[in-house]
2 protein chains.
Amino acid sequence: MKSTEIPTRERIVVAASKLFYSEGIRAVSVDAVAEQAGLTKRTLYYHFASKDDLVAAYLEARDQPNLKLFQRWFADAEGTLADKVRSIFHNLARSARHPRWKGCGFLRTAAELANMPGHPAVKLGIAHKKRVEAWLAASFEAEGIHSSKVLARQVILLLDGSFAVVLLNRDASYMETAGEAAAVLVEAAMAFSKPETAP
Amino acid sequence: MKSTEIPTRERIVVAASKLFYSEGIRAVSVDAVAEQAGLTKRTLYYHFASKDDLVAAYLEARDQPNLKLFQRWFADAEGTLADKVRSIFHNLARSARHPRWKGCGFLRTAAELANMPGHPAVKLGIAHKKRVEAWLAASFEAEGIHSSKVLARQVILLLDGSFAVVLLNRDASYMETAGEAAAVLVEAAMAFSKPETAP
DNA sequence: TCCATTACACTCACTAGTCAGTATACATGA
DNA sequence: TCATGTATACTGACTAGTGAGTGTAATGGA
């Protein structure tokens, strides 16, 4: 019987993710997480040393799935490199129109914990964004773009910008605008890199 | 004597601004604000109906000064339109290197109150960003840029993106990168608009 | 008299984290 | 085969403190 059950620790992380993402870190009590997970607070504290630990686990669980989603959107898109980048923003806009969408969990956590820069959750956020940026840079590099690292940063800025803006005004069309801007920047970077490969 | 004193309400807003901006909304208690302002909680509640009211007042007080700062940075910069836009980001980067800098108060508040989209503070944030965007659009329009509204949105996206990114990783150089991206977008928009005005 | 303010005690709900103890499973040694 | 030991997973009740917001009586100044 045990083998088919979802491990308790995982159940706690799932419950925490749901609540922390939809309500915010400080707005959600440890009691609420325990109740959502269907167990007592004491059991939760058996698996996690503190609320901060739980917050870290929540973000850790979001890291890879998030990255893989971006990678799939990018890979599945047809057309030029600019089209592939635009596709990330377009898919993001689709997610953002969902009523339960509440921006980027990493950025929101960083905003909420802005007064504790060394917090493990903040460090996880930095690591996550760095991973996305590095993947983008590698993808641009593979296409022969010279300024691949700068371009990756610029796309990240537009990506996180659209997270912030759309979270504020709830108008997902900003994400399409960000996608267009990203496409312009990609084209500009390609125009700057391509001439040497043409003749 | 009264005429030279700072009004109590204003003192409360100043105290609230300092604490809310540096610690976050939920992390700061009403008691803490009262203490910072040098008066009792009861007096604070004489001037403000609730903590939410106080939060709204904090953001309301930030609206005009923030906008005026951007406008001054833009106006004081020399060179092309792209240079003027770049200057905003450059000046922002300078601010961001200050240890007390903690991102954009409007965005951080929106992130913290993501679970209450109708909150007055969130509405003030939306209004503030709209004002900045409208001012940018008007400035671009004045320079004969056809896509002035789209360009203004793109610059806002980069602006808020750099707030989010730099708040997370504390690397203000991202703001310079955002400034370069904005300059590229401005140049692209100008190249698209200028030809008709030449002959 | 009225406005602004204080002191301070108070409510009531909530918060992170802890205490002491239980149920089960599995292994050890006699 | 049966007592004993031990590690894992779990629980209800509790502590000590904080949260927003209120009630009330009293004070000083215009």
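FYI, side chains are in, hydrogens and waters are out, and symmetry mates aren't considered; it's all heavy atoms of this structure. Every chain is numbered from 1, with letters handed out A, B, ... down the list of sequences.
- The two atoms that bring B:V122 and B:P117 nearest to each other are CG1-O, 3.7 Å, heavy atoms only.
- Atom CZ of residue B:R108 and atom OH of residue B:Y21 lie 6.5 Å apart, to the nearest 0.5 angstrom.
- Scored by the salt bridge (Lys or Arg N to Asp or Glu O under 4.0 Å) test, A:K18 finds no partners at all (sequence neighbours excluded).
- Side-chain contact, A:N91 with A:S87: a donor N or O sits under 3.5 Å from an acceptor N or O.
- With sequence neighbours excluded, the residues forming a salt bridge (Lys or Arg N to Asp or Glu O under 4.0 Å) with B:K129 are B:D160, listed by chain and number.
- Residues from residues 27-54 of chain B placing a heavy atom under 4.0 Å of any atom in DNA chain C, listed by number, are B:L39, B:T40, B:R42, B:T43, B:Y46, B:H47.
- Proximity of residues 14-22 of chain B to DNA chain C (heavy atom under 4.0 angstrom from any strand atom) is not detected for any residue.
- For residues 89-101 of chain A, the pairs satisfying salt bridge (Lys or Arg N to Asp or Glu O under 4.0 Å) are A:R97-A:E176, with sequence neighbours left out.
- For A:D171 and B:R153, the salt-bridge test passes: some basic side-chain N is under 4.0 Å from an acidic carboxylate O.
- Note: CD1 (B:I25) to P (D:dG19) measures 14 Å, nearest angstrom.
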Anything under 3.5 Å between a donor and an acceptor, one on a side chain of residues 63-71 of chain B, the other on a protein residue two or more places apart or in another chain? List them.
| from | atom 1 | to | atom 2 | distance (Å) |
| --- | --- | --- | --- | --- |
| B:D63 | OD1 | B:H128 | ND1 | 2.6 |
| B:D63 | OD1 | B:R131 | NE | 3.4 |
| B:D63 | OD2 | B:R131 | NE | 3.0 |
| B:D63 | OD2 | B:R131 | NH2 | 2.8 |
| B:Q64 | OE1 | B:K68 | NZ | 3.4 |

